Amino acid sequence: MYRRHLVVLVCLVLCCVGRVRGQTTSGRLTVIRAGTLIDGTSDSPLHNKLIFIRGERIEKLAEGGAAIPAGAKVIDLSSATVLPGLIDSHTHMFLWGEDPAKGGYDANILNAGIAQRAARATAAVRRALEQGFTTLRDLETEGAGYGDVEIKAAIAEGTIPGPRLFVVTRAISTTGGYNLEDYAPELDMPKGAQLIDGPVEARKAAREQLDHGADWIKVYMTHRSWVDRAGNLVSQPTLTVEELQAIVDETHGWGKKVACHAYNGIGMQRALDGRCDSIEHGLELTEANIAQMLKQGTWYCPTIVPYFQNWAAEDTPAGKRDRKRAEVHEPSFKKALAAGVKIVFGTDMGGIPWSEPEAEEFEYMVKYGMKPMDAIRSATSRAAEMLEMKGELGVVAAGAYADVIAVPGDPLQNIAELKNVRFVMHNGAVFKNELGR
Ligand SMILES: [Zn+2]
């Protein structure tokens, strides 16, 4: 009797551990029946497919009529559209869409302690996963130090649910190149990024961040922006080409890449001359910028939605700037798209409250001329390519991680359907299922 209780107890404990870790039993076969499958790479959707999943990987795809071994767990998504888990290439889990009326960005750093910020980040990553984003490239902690490395570790050890994370830690800018600012000069205010001056400090900052677990390095190549007398958007450049080159050289030596926040103008030119791997935002791209991006294979992560949020009053300098930023973004996106620049999906969530739908960016991409299938690829196989995870992420195919989502409708007819993710599998474990049986 005692022994039987012990066996039951051990089973329960093992079961619970399995649950907490969000893992499937490694040998157990799960089969998803996909009515329509957008596999992340093909030009057209596939129909009536079976996806065989063992452990955290996809074992194989088969036709709908293929035999399913006895004992396999079957998830019926035959009336849904199945896709690879989505990749958001620009998020900030440590930002909270700070309401200007509640103190905005500064309050986040000045009033919230690290535990509160970690709690918010925990909620943010869960929210991303619930919406079908199974991978994030999170582009800096905004004063929360190396907290992203810790959240990533907490997810990996199964303590909290969340997507696969690629993190950059503190980010790098220059003196005069990042918040907090506009306080009394006598005060030594904390900054939302690591500030450097000169190539030696630049390289040292990159080394520190890489040493502490950065998967990418993030650099701010422009900071303030305004509209000049001629009505043009102008952005303050930050790092020199020499400073950026030191960072890029160091980071590439570690086999990693550099993401550069750059709006336009001098800072954009320096970002490209210094060989950034991805341009973030890229509000105003000239023909020459686009030609250089094509030549160098630079990625473009536009993040359109945030520039439509929180506009200041129309007749103020900030209000004019806010409207101009959105106005120049659209033609830049269209030119880059037409020229064949490699575009990835990114939202700047965190800059936007995490309560907003992460998939809204798709609607703008499609409105600006991107085909729905290409918009989906920008958040799946294309982003995986940028992350050096081609074939492993952003695709439903043999050998890939079993990151699989589903929506009830057809996102190729209505891209907004991607706001309605009702099934999420991450690393072979079902995180959410409001569709299948
Ligand atoms: Zn950002």
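Atoms within a ligand are numbered from 1 in the order they appear, just like the ligands themselves. Counting from 1, the numbers follow the sequence of the chain as shown. The model shown is predicted, which means the values in this text are computed figures rather than measured ones. What's counted below: heavy atoms across the whole structure, side chains too, no hydrogens, waters or symmetry copies.
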Answer yes or no for [X]: is there an N/O/S atom below the 2.8 Å cut-off from the Zn ion (ligand 1)?
X      : value
His90  : yes
His92  : yes
Glu140 : no

### Message
Whether the Gln292 and Asp273 side chains hold a donor-acceptor pair (N or O, under 3.5 Å, no angle test) is what I'd like checked.
### Response
yes
### Query
Without hydrogens or angle criteria, can the side chains of Asp106 and Tyr183 be said to hold a donor-acceptor pair below 3.5 Å?
yes
### Query
Do NZ/NE/NH1/NH2 and the carboxylate oxygens of Glu330 and Lys334 come within less than 4.0 Å?
yes
### Query
What N/O/S atom of Asp348 gets nearest to the Zn ion (ligand 1)?
OD1
### Query
So, Asp88 side chain and Thr347 main chain: donor-acceptor pair closer than 3.5 Å or not?
yes
